[in-house]
Amino acid sequence: MNRQEILSRIKENPEVSVLIVGGGINGIGVFRELALNGVDVLLVERGDFCSGASAASSHMAHGGIRYLENGEFRLVREAVRERNLLIQNAPHLVKPLPTTIPMFKRFSGLLNAPLKFLKMLDKPSERGSLVIKLGLMMYDAYTDAQGGNRIVPRHKFHSRKKSLANWKLLNPEVLNTAVYYDGAILQPERLAVEILLDAENENPNARALNYMSMIGGSENTIILRDELTDENYDVHPKLVVNAAGPWIDFTNRKLGLSTRFIGGTKGSHIVVKHDELREAIGENEFFFENKDGRIVLIFPLYDKVLIGTSDIAVENPDEVRCTEEEVEYFLEMVKRVFPTIKLTPSNIVFQFSGVRPLPHSGAKTTGQISRDHSIEVVSGDWTNLSFPIYSLVGGKWTSFRAFSEQVTDKTLAFLGMKRQKDTRSLPIGGGRGYPRTADELKRQIESLSAWTALPKDRVQILFERYGTRAESIATFMSGGTDQVLRSLPDYTRREIIFLVQHEKIHHLDDLILRRSMLAMLGRLTLDSIHELAGVLSNALGWGDEQISAEVARTLSILADRHGVRL
Ligand SMILES: Cc1cc2nc3c(=O)[nH]c(=O)nc-3n(C[C@H](O)[C@H](O)[C@H](O)COP(=O)(O)OP(=O)(O)OC[C@H]3O[C@@H](n4cnc5c(N)ncnc54)[C@H](O)[C@@H]3O)c2cc1C
């Protein structure tokens with residue numbers, strides 16, 4: 001169903017069982033679960049899908065070893081399981097990630113850990129190797145306890161000598177390294193959209209709209225505003241799921257509720273182009289505690305390196321940006337691990353910042369705030385609203401499915417419905433039928449290339465980007481006259497047109513920031529922005545004025561939020 005059809009249906013019949021406000025990964029996860037279980041559900045997102053906290057993550061599918069120390073064993077067990085499920089269900093976009101912890105201290109953390117666990121220590125400080133060893137043994141045990149195939153290998157400890165032999169540019173002051181496995185979510189924004197499209201395909205009564213804000217409501221009505229046309233729509237839900245992440249309290253306020261569920265913390269990242277650093281880390285993420293106890297990472301993102309992150313309490317999620325101090329901190333942190341590598345701000349090709357929707361808490365440091373998730377219920381009886389509101393507080397990208405499952409069970413019980421399907425082993429988007437071996441992948445590429453008459457290397461690129469959705473995209477590309485983009489020869493016009501027609505793209509920035517990695521990997525030029533705008537203008541019927549407005553909007557977002565000046 002296209003946007004116009006969805007809007008006409010809302011006008012004809014404003015009744016809906018569940019309205020989800022917020023199209024980040026948690027809203028989208030609940031949307032998929034409800035769709036699968038036959039619920040008529042409408043999801044509204046005021047911007048593009050996956051453009052809030054879900055677009056600011058460190059790209060890790062992880063159990064979070066660190067949370068063991070806060071005593072969050074349930075969360076770690078759940079997240080390790082969900083990490084494994086993501087690697088299995090979305091193998092095109094979530095890959096096993098060898099993760100290396102360089103250690104510069106042997107004992108100190110041992111003293112800190114129990115104190116932290118007992119909540120007696122205010123300031124974090126660097127963990128020692130013994131504590132890390134214990135943590136990794138527990139982490140492995142969680143993976144083992146889940147039975148079946150081992151999705152990722154167990155951890156290994158390396159001596160100083162072996163560590164320096166493995167990583168030639170590593171700081172010689174290192175005492176040990178430990179290598180364990182987590183998952184890399186290579187393109188979180190694409191993954192989220194694929195989950196959403198799966199849900200819509202499953203159930204014609206599951207409808208999702210980006211650029212649609214929830215602006216108010218009373219009694220049995222919620223008012224939505226179409227951000228593309230400024231038109232308002234009324235809907236009458238039986239239940240509202242507030243999945244607005246760091247904006248949950250702002251959203252509740254629009255309904256006259258003064259909640260204080262969220263105490264968000266800001267985190268920033270930079271993406272750098274630095275071939276020596278990229279080579280130095282290989283396919284490993286370096287993940288460790290910096291001198292001041294903050295958890296930081298150096299992460300291989302395609303041919304670039306992702307570096308982060310900070311953890312700073314903030315009030316207004318709309319205002320967060322990566323600051324010069326944060327950049328300085330990241331560059332210093334890299335120097336500590338790879339002292340001979342010269343990294344400067346000129347190597348930065350992209351930066352981003354977002355707010356973790358953590359629960360409001362009295363923790364003394366941001367690191368101590370729980371990363372677990374909960375459903376806060378405001379019943380219709382306490383308000384002038386005829387429906388209850390479930391606010392989804394906290395949670396991680398990794399564990400979105402488990403959280404969504406819990407929200408859905410509660411919602412189904414409220415609606416008096418029974419669960420019919422679950423998502424545990426449900427493949428996601430281009431992960432469906434994805435080849436499990438390199439040979440099988442080669443065969444699929446060859447046969448698709450033969451079938452569509454597209455060159456093998458082009459089909460291979462499509463598989464890397466879209467998994468098995470490459471089949472529909474390649475078929476569409478070969479179904480008409482196509483043209484390689486002059487400024488981005490690994491893309492063609494028809495590939496972009498396919499994305500516009502099937503993936504709810506309304507603005508140029510949807511394409512460059514979220515349906516592709518073009519912005520994040522620093523691949524844009526003024527020329528490519530104009531060329532892409534030209535392709536979109538054909539697909540979306542833009543006139544000259546709109547093309548100029550879209551280019552201006554994109555350049556302004558890139559400069560303001562991502563430090564990219566073209
Ligand atoms: C710096 C950082 C690093 C992280 N790293 C990781 C990691 O490596 N691994 C991991 O598992 N997790 C990580 N996380 C956590 C994870 O990204 C978040 O917990 C998760 O994305 C939250 O998703 P959400 O859907 O609840 O919120 P969001 O993604 O913020 O979605 C909420 C949406 O609601 C929309 N909205 C707000 N108000 C309205 C309204 N009135 N009407 C309509 N829509 C509205 C917003 O536009 C937004 O898109 C990280 C988070 C941050 C910030």
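For ligands, and for the atoms within them, numbers begin at 1 and follow the listed sequence.
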Option of least heavy-atom distance to [atom] (set: [options]):
atom                    : options                      : answer
atom 32 (C) of ligand 1 : Ala243, Ala184, Ser310       : Ala243
atom 8 (O) of ligand 1  : Arg46, Arg225, His373, Met60 : Met60
atom 23 (O) of ligand 1 : Gly27, Pro188, Ser54         : Ser54
atom 49 (O) of ligand 1 : Lys254, Glu45, Glu227        : Glu45
atom 30 (O) of ligand 1 : Gly245, Gly267, Gly47, Ala53 : Ala53
atom 41 (N) of ligand 1 : His269, Met214, Arg356       : Met214

Can you tell me the protein heavy atom closest to [atom] and the distance?
atom                    : value
atom 38 (N) of ligand 1 : Thr251 OG1, 3.5 Å
atom 14 (N) of ligand 1 : Ser57 CB, 4.1 Å
atom 31 (O) of ligand 1 : Gly24 CA, 3.3 Å
atom 19 (O) of ligand 1 : Gly395 O, 2.7 Å
atom 26 (O) of ligand 1 : Asn26 ND2, 2.8 Å

Going by the order shown, which atoms of ligand 1 are within less than 4.0 Å of some heavy atom of [X]?
X      : answer
Gly354 : 53 (C)
Thr398 : 9 (N), 10 (C), 11 (O)
Val355 : 53 (C)
His59  : 8 (O)
Gly22  : 33 (C), 34 (O), 35 (C), 44 (N)
Ala244 : 32 (C), 34 (O), 37 (C), 38 (N)
Ala56  : 1 (C), 2 (C), 3 (C), 52 (C)
Val21  : 40 (C), 42 (N), 43 (C)

Taking side chain as C-beta onward, heavy atoms only, is [X] less than 4.5 Å from [Y]?
X      : Y      : result
His269 : Cys322 : no
Val271 : Val305 : no
Phe31  : Leu196 : yes
Pro98  : Glu285 : no
Tyr233 : Lys11  : yes
His506 : Arg3   : yes

Is it possible for you to check whether [X] lies under 6.0 Å from the centre of the six-membered ring of [Y], through NZ or CZ, and within 45° of that ring's axis?
X      : Y      : result
Lys504 : Phe49  : no
Arg253 : Trp247 : no
Arg294 : Tyr329 : yes

_Between the side chains of Lys273 and Asp303, is the shortest nitrogen-to-carboxylate-oxygen separation below 4.0 Å, so that they form an ion pair?_
no

*Would you mind checking if Glu15 and Lys238 are paired as a salt bridge, meaning a charged N to carboxylate O distance below 4.0 Å?*
no

*asked:* Tell me whether ligand 1 is touched by Lys266 - counting only heavy atoms on the residue side and a distance under 4.0 Å.
replied: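 Not so, Lys266 does not reach ligand 1.
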
*If you measure from each heavy atom of Val44 to ligand 1, is any distance below 4.0 Å?*
yes

_Measuring from atom CG of Leu93 to atom CD of Glu189, what distance do you get when rounded to the nearest 0.5 angstrom?_
10.5 Å

*Got a second to check how far Leu301's CG is from Phe350's CZ, nearest 0.5 Å?*
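One gets 10.5 Å once the value is rounded to the nearest 0.5 Å.
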
Are any of the N/O atoms in [X] less than 3.5 Å from those in ligand 1?
X      : value
Ser58  : yes
Thr309 : no
Ile25  : yes
Trp397 : yes

*Just let me know how Trp247 lines up against ligand 1, side chain, backbone, both or neither, with a heavy-atom cut-off below 4.0 Å.*
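Answer for Trp247: side chain.
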
_Within a 6.0 Å radius of atom CD on Glu315, are there more than 12 heavy atoms belonging to other residues, nucleotides or ligands?_
no

*Give a yes or no on whether the backbone of Gln4 and the side-chain of Asn2 come within a donor-acceptor separation of less than 3.5 Å.*
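Side chain of Asn2 to backbone of Gln4, a donor-acceptor pair under 3.5 Å: yes, one is there.
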
